[in-house]
Structures are given as structure tokens and as C-alpha cells.
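In listed order, ligands and their atoms are each counted from 1. Everything numeric in this text was worked out from a predicted model, so none of it was measured. We use all heavy atoms of the structure for the numbers below, so side chains are in, but hydrogens, waters and symmetry mates are not.
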Amino acid sequence: MIKPDAVANGHIGAILDKITKSGFKLVALKLTSLSAEKAGEFYAVHQERGFYKDLVAFMSSGPIVAAILEKENAIEDFRKLIGATDPSKAEPGTIRNLFAKSIDANAVHGSDSDENAEIEGRFFFSAFERV
Ligand code: GDP
């Protein structure tokens with residue numbers, strides 16, 4: 001997912017370019033937005049954390065881009081490409097290092113396992129929206 005900060009700052013094209021040039025194939029793609037309820041559902045795993053309310057408010061604050069990506073070793077390679085959750089700790093050249101300003105407004109989300117990628121893909125897309 002490209003988060004509301006990166007969409008608002010005009011980075012959709014640059015981020016998708018980096019992703020596809022890094023060998024990821026786009027399987028599904030859409031510009032959409034999350035209601036507070038849907039953002040809360042997406043991040044339900046964090047509901048006991050102190051930052052949950054802020055996270056939900058931020059993720060429902062503006063449009064986002066949802067995508068399903070395909071690649072060998074996709075989870076690990078995508079996490080390397082996006083960099084650390086806190087952009088001030090993200091390696092130079094990573095998406096968060098280049099496009100993110102803070103730990104909440106950190107430009108992109110990546111699934112943390114194949115299993116969660118399946119769940120999150122189904123959260124955003126129906127079968128006919130995937131190529
Ligand atoms: P990710 O997989 O790198 O996105 O990180 P997590 O799954 O651990 O956290 C989900 C999202 O919650 C992150 O991308 C951040 O936007 C936010 N987040 C995580 N930890 C913190 C924190 O300590 N403070 C704040 N404000 N937000 C956080």
C-alpha cells in the first residue's frame with residue numbers, strides 16, 4: 001500500500017517505478033481510500049498498541065494506493081526495498097528513506113508474510129481485479 005502521505009505528496013509514480021524496476025510484477029492496482037472502520041480492521045493486529053488510534057486516523061486521512069505484487073522471495077525483498085518502519089533508520093535509497101517523513105507517515109506498507117499478503121490482497125481486491 002502507498003500510504004496517504006506519499007499519495008498527497010505526489011510520490012505514487014516514483015514509488016511504483018522503484019517497485020517495478022526492482023523486479024516486482026503488478027498483479028492488481030487501485031487508488032482508493034479507507035474509512036476509519038476499514039483502516040481499523042486492516043490494522044486490527046495493532047489494536048492494543050498506544051499508536052493504534054493515530055495510525056487509524058492517519059490511514060483514513062486521504063487516498064491510498066493498494067497493490068498486489070509478485071516476485072520470488074517477495075516479502076523479504078519488498079521489506080528490504082521499503083526500509084525500516086522508522087524512516088530515520090531506513091537505509092539510504094530505500095522507499096521510506098527517500099519518501100517518508102515520520103514513523104506514522106512512513107509512505108508505504110508491506111505485508112509481513114505470504115499468509116498476510118493473501119489476507120490483505122483479499123481485503124482490497126476481488127478475483128476479477130487481479131491479472
Ligand atoms: P511495518 O510492517 O514496517 O509497516 O510496521 P508495523 O506493522 O510494526 O506497524 C504498522 C504501522 O504502524 C507502521 O508502518 C507505522 O506507520 C505505525 N507504527 C509502528 N510503530 C509505531 C510507533 O511506535 N509509533 C507510531 N506513531 N506509529 C507506529
Peer 1: May I ask you to decide whether Lys38 forms a salt bridge with Glu41, counting only side-chain N to carboxylate O separations under 4.0 Å?
Peer 2: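 So Lys38 pairs with Glu41 through a salt bridge.
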Peer 1: With sequence neighbours left out, what residues match Val108 under side chain to side chain contact (heavy atoms under 4.5 Å, CB included)?
Peer 2: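 By the side chain to side chain contact (heavy atoms under 4.5 Å, CB included) rule, Val108 matches Ile2, Ile15, Ile82, Ile95, Arg96.
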Peer 1: I'd like the contact residues of ligand 1, where contact means a heavy atom below 4.0 Å.
Peer 2: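 Correct list: Lys3, Tyr43, His46, Phe51, Leu55, Arg79, Thr85, Arg96, Ile103, Asp104, Asn106.
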Peer 1: Are the side chain of Tyr52 and the backbone of Ala44 linked by a donor-acceptor contact shorter than 3.5 Å?
Peer 2: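 No; zero donor-acceptor contacts below 3.5 Å.
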Peer 1: Tell me every residue that passes salt bridge (charged side-chain N to carboxylate O under 4.0 Å, His left out) with Arg49, counting only those two or more places apart in sequence or in another chain.
Peer 2: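 For Arg49 there are no salt bridge (charged side-chain N to carboxylate O under 4.0 Å, His left out) partners, ignoring immediate neighbours.
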Peer 1: Sorted by first residue and then second, give each ring pair (Phe, Tyr, Trp, His ring centres under 6.0 Å) pair with at least one member in residues 62-87; sequence neighbours left out.
Peer 2: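 Pairs touching residues 62-87 that pass the test: Phe24-Phe78.
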Peer 1: Please determine whether a side-chain nitrogen of the Lys or Arg among Asp77 and Lys71 lies less than 4.0 Å from a carboxylate oxygen of the Asp or Glu.
Peer 2: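 Yes, this pair counts.
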